[in-house]
Amino acid sequence: QVQVEESGVGSAQGGGSLRLSCEASGAPYMRSCIAWFRETPNTEREGVASILTESGATVYADSVKGRVTISPENAENMVYLQMSGLKPEDTGMYYCAASPSVGLGAPNACLIAYDKKYRFWGRGTQVTVSS
């Protein structure tokens, strides 16, 4: 079993930055893919970014590309989502998810289009960006 927990400062001004943290514990092969998803007032759950922990391969949604970096801190079982150039439309509930990489695009990457294939989810953390 994998436990997933998000944390991080949840509010920022437009144009600002914030970092979300995801701690995923459990057998490494069960959490090879770590991804962030979000639900905004205007969208259903959508993938933001993912990382294949074995290789470091990353995937980013077009809406955040160039503004977001996903990175691991393997020794701490942590994955960070660094967001900059924040926009009000980034406001939403952000979820971290973990899963084995099988069926998610491995060995090249962890696809973020298939949220339902991610097995383990955190409870989410609210991000609010003011204009």
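Values below: all heavy atoms of this structure, side chains included; hydrogens, waters and symmetry mates excluded.
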Legend entry - Tyr94 reachable from Tyr60 in the ILVMFWY side-chain graph, under 4.5 Å edges: yes
Inset, instruction - Report yes or no: do Trp121 and Tyr114 belong to one cluster of Ile/Leu/Val/Met/Phe/Trp/Tyr joined by side chain heavy-atom distances under 4.5 Å? - result: yes
Inset, instruction - Please answer whether the main-chain N or O of Leu52 pairs with a side-chain N or O of Ser32 as donor and acceptor at a distance below 3.5 Å. - result: no
Inset, instruction - Measure from the side-chain N and O atoms of Thr40 to the backbone N and O of Thr91, and report whether any donor-acceptor pair falls under 3.5 Å. - result: no
Legend entry - Spacing of SG belonging to Cys33 relative to NZ belonging to Lys117, to within rounding of 0.5 Å: 11.0 Å
Inset, instruction - Examine distances only and state if a side-chain atom of Arg31 and a backbone atom of Ala98 form a donor-acceptor pair shorter than 3.5 Å. - result: no
Inset, instruction - Could you walk me through whether Asp90 and Lys87 pass salt bridge (Lys or Arg N to Asp or Glu O under 4.0 Å), step by step? - result: CA-CA 5 Å; Asp90 292 320; Lys87 305 175 182 180; over 6 Å; no
Inset, instruction - Grab the two heavy atoms, one from Glu54 and one from Ser101, that are nearest each other, plus how far apart they are. - result: OE1-OG, 4.3 Å
Inset, instruction - Compare all side-chain heavy atoms of Cys22 with those of Ile34 and state whether any distance is below 4.5 angstrom. - result: yes
Inset, instruction - Find the distance between OG1 (Thr125) and CE (Met93) and round it off to the nearest 0.5 Å. - result: 7.0 Å
Legend entry - Nearest-0.5 Å distance that lies between atom CZ in Arg19 and atom OG in Ser7: 8.5 Å
Legend entry - Check: Gly124 main-chain N/O paired with Glu6 side-chain donor or acceptor under 3.5 Å: yes
Legend entry - For Val68 against Ala49, the heavy-atom pair lying closest together: CG1-CB, 4.5 Å
Legend entry - Side-chain donor/acceptor of Ser84 to backbone N/O of Arg67, under 3.5 Å: yes
Inset, instruction - For atom CD of Glu5, decide whether the heavy atoms of other residues, nucleotides or ligands shown that lie under 6.0 angstrom number more than 12. - result: no
Inset, instruction - May I ask whether Ile112 and Ile51 are part of the same hydrophobic cluster, defined by side-chain heavy atoms of I, L, V, M, F, W, Y residues being less than 4.5 angstrom apart, directly or through others? - result: no
Inset, instruction - State, with a plain yes or no, whether a side-chain heavy atom of Val64 is found less than 4.5 Å away from one of Arg38. - result: yes
Inset, instruction - Any chance you could measure Ser71, atom OG, to Gln82, atom CD, to the nearest 0.5 Å? - result: 8.0 Å
Legend entry - Check: Arg119 side chain, Pro100 main-chain N or O, donor-acceptor pair, under 3.5 Å: no
Inset, instruction - Could you tell me whether a side-chain N or O of Ser50 sits under 3.5 Å from a main-chain N or O of Cys110, the two making a donor and an acceptor? - result: yes
Legend entry - Gln3 side chain vs Gly26 backbone, donor-acceptor pair below 3.5 Å: no
Inset, instruction - Consider only side-chain heavy atoms of I, L, V, M, F, W and Y, link residues closer than 4.5 Å, and tell whether Val127 and Ile70 are in one cluster. - result: yes
Inset, instruction - Treat each ILVMFWY residue as a node, draw an edge where side-chain heavy atoms are under 4.5 Å apart, and state whether Phe120 and Met78 are in one component. - result: no
Legend entry - Tyr118 (side chain) donor-acceptor with Leu104 (main chain) under 3.5 angstrom: no
Inset, instruction - Answer whether the closest heavy-atom distance between the side chains of Val4 and Tyr95 falls below 4.5 Å. - result: no
